[in-house]
Amino acid sequence: MKMMGPRSTWKLWQIGKVHLILTPPLTTNDMVGPRAWFGGLFYRNSHKRCGNYEKTNGYPLTPLQEQRLQRLKDRLNVPFDETRPDHQDALKALWNASFPETNLTGLVSEQWKDMGWQGANPSTDFRGCGFISLENLLFFARTYPASFRRILFKQEGIRAAWEYPFAVAGINISFMLIQMLDLYSEKPKNLRGANFIRILSEDEEAFDVLYCIAFQMMDAQWLAMRASYLQFNEVLQATRIQLERELRLEDVHRIQDLPAYNLLYK
């Protein structure tokens, strides 16, 4: 096996509708990374009450919450279509935001491997999670460009020789959030889902911002445990566990209230 350079092709397995790097699953009792790291920014609010919503049978939605949730669900059902001009434009916009000084030679090009796609045609990777995963990446690039570029170009910390592919990791994060928030259910079934809907009613971009937070958390966790690509699923699972904890906090009313939100501005 070779070291992973910027243009290396990643061979990932496909499970269901998303590409995943297969590693042994992390249990919810596991804690990875240095304890001091968890004892700082992310874990400082763990003593706060998480409420007892888990014992209830449902969460009544307001008309605004139903409307916002439905709009988000509508986005989930849009597949990526490489023949649609607006989808092509979004893909070009992602390239321009990532590599503004480099001209893209085509929507099918070996250049895409520099961003961490599996091959020369990124549309094949979008089949795993649909158009929303491209929207998430583009939102990240436009809204938090400094954070986006730090992660894209691996500018922070001591990195492994075998790094995770940026773009494919982004698709995995979109899929993880959809699962974690149970967005295909009619109504939220747990506290984290209920709190997210409340946050969504305050800010319709909450899902996209949560995506950016999750990506930054994942990269910070990657560095904390000095991971290599075979540990990607462990890192992603640890990120999910921490997000679930933060979304269960009773004093989280806005997306900015999440402790990890500050990572976007470090």
Side-chain angles (χ1 to χ4, degrees), residues 6 18 68-69 71-82 84-109 111-117 121-123 125-156 164-178 181 183 196 199-220 222 236 239 243 254-258 260-266:
V18 68
R68 293 273 172 94
L69 180 58
R71 286 178 184 171
L72 179 55
K73 288 181 177 181
D74 290 343
R75 291 175 62 192
L76 302 182
N77 292 323
V78 178
F80 180 81
D81 185 349
E82 58 187 318
R84 284 181 53 166
D86 57 332
H87 288 200
Q88 294 174 359
D89 290 343
L91 196 54
K92 293 174 185 176
L94 178 62
W95 176 269
N96 292 333
S98 304
F99 304 100
E101 298 179 358
T102 303
N103 291 328
L104 180 65
T105 59
L107 293 178
V108 178
S109 168
Q111 290 174 290
W112 288 108
K113 295 179 183 179
D114 291 339
M115 196 184 296
W117 299 104
N121 186 357
S123 66
D125 292 323
F126 284 123
R127 292 169 189 163
C129 202
F131 184 58
I132 194 170
S133 55
L134 173 54
E135 290 182 311
N136 290 156
L137 280 167
L138 188 54
F139 180 89
F140 191 13
R142 288 173 168 172
T143 310
Y144 306 101
S147 180
F148 177 86
R149 293 179 69 82
R150 278 199 309 268
I151 299 175
L152 171 63
F153 296 114
K154 308 296 194 297
Q155 294 174 341
E156 190 173 72
Y164 66 85
F166 175 84
V168 174
I171 293 178
N172 276 271
I173 291 170
S174 295
F175 187 75
M176 179 268 287
L177 290 177
I178 293 169
L181 299 171
L183 291 179
F196 172 74
I199 293 169
L200 188 65
S201 67
E202 296 292 330
D203 182 356
E204 195 163 8
E205 293 182 332
F207 182 79
D208 299 272
V209 178
L210 185 63
Y211 170 87
C212 301
I213 294 171
F215 213 140
Q216 184 65 69
M217 287 178 71
M218 187 277 295
D219 190 71
W222 178 273
L236 191 63
T239 302
L243 274 175
R254 306 172 305 147
I255 194 71
Q256 293 86 355
D257 294 334
L258 292 173
Y261 177 80
N262 293 329
L263 280 175
L264 294 172
Y265 295 99
K266 65 178 182 177

Would you say [X] and [Y] make side-chain contact, with heavy atoms under 4.5 Å?
X: D81; Y: F131; value: no
X: D125; Y: F80; value: no
X: P145; Y: F140; value: no
X: Y265; Y: Y144; value: yes
X: L200; Y: I255; value: no
X: V78; Y: E135; value: no
X: F126; Y: I171; value: yes
X: V108; Y: S123; value: no

Shortest non-hydrogen contact from [X] to [Y]?
X: T239; Y: A214; value: CG2-O, 3.7 Å
X: W112; Y: G106; value: NE1-O, 3.3 Å
X: L134; Y: A90; value: CD2-CB, 3.8 Å
X: Q111; Y: N103; value: NE2-O, 3.0 Å
X: N172; Y: V168; value: ND2-O, 2.9 Å
X: R75; Y: N136; value: NH2-ND2, 4.1 Å

To the nearest 0.5 Å, tell me how far [X] [atom1] sits from [Y] [atom2].
X: Y211; Y: M176; atom1: OH; atom2: CE; value: 10.0 Å
X: I213; Y: L263; atom1: CD1; atom2: CG; value: 8.5 Å
X: E156; Y: D219; atom1: CD; atom2: CG; value: 7.0 Å
X: R142; Y: N96; atom1: CZ; atom2: CG; value: 9.5 Å
X: R254; Y: Y261; atom1: CZ; atom2: OH; value: 8.5 Å
X: L137; Y: L94; atom1: CG; atom2: CG; value: 5.5 Å

Check whether any side-chain N or O of [X] sits under 3.5 Å from a backbone N or O of [Y] as a donor-acceptor pair, and report yes or no.
X: R68; Y: S201; result: yes
X: D203; Y: I199; result: no
X: S133; Y: G130; result: yes
X: W95; Y: T102; result: yes
X: Q88; Y: E82; result: yes
X: R149; Y: S98; result: yes

Discussion item. Side chain to side chain contact (heavy atoms under 4.5 Å, CB included), that's the test. Do L91 and L138 meet it? Break it down for me.
Written reply: CA-CA 8 Å; L91 196 54; L138 188 54; over 6 Å; no
Worksheet item: How about F166 and F148: are their ring centres within less than 6.0 Å of each other?
Response: yes
Practice prompt. For this output row, return yes or no: ring centroids of F207 and F139 closer than 6.0 angstrom.
Written response: no
Practice prompt. I would like to know whether L181 and L210 meet side chain to side chain contact (heavy atoms under 4.5 Å, CB included); could you show each step before the answer?
Written response: CA-CA 11 Å; L181 299 171; L210 185 63; 4.0 Å; yes
Discussion item. Both conditions, 6.0 Å and 45 degrees, for the charged tip of K154 above the ring of Y164: are they met here?
Written reply: yes
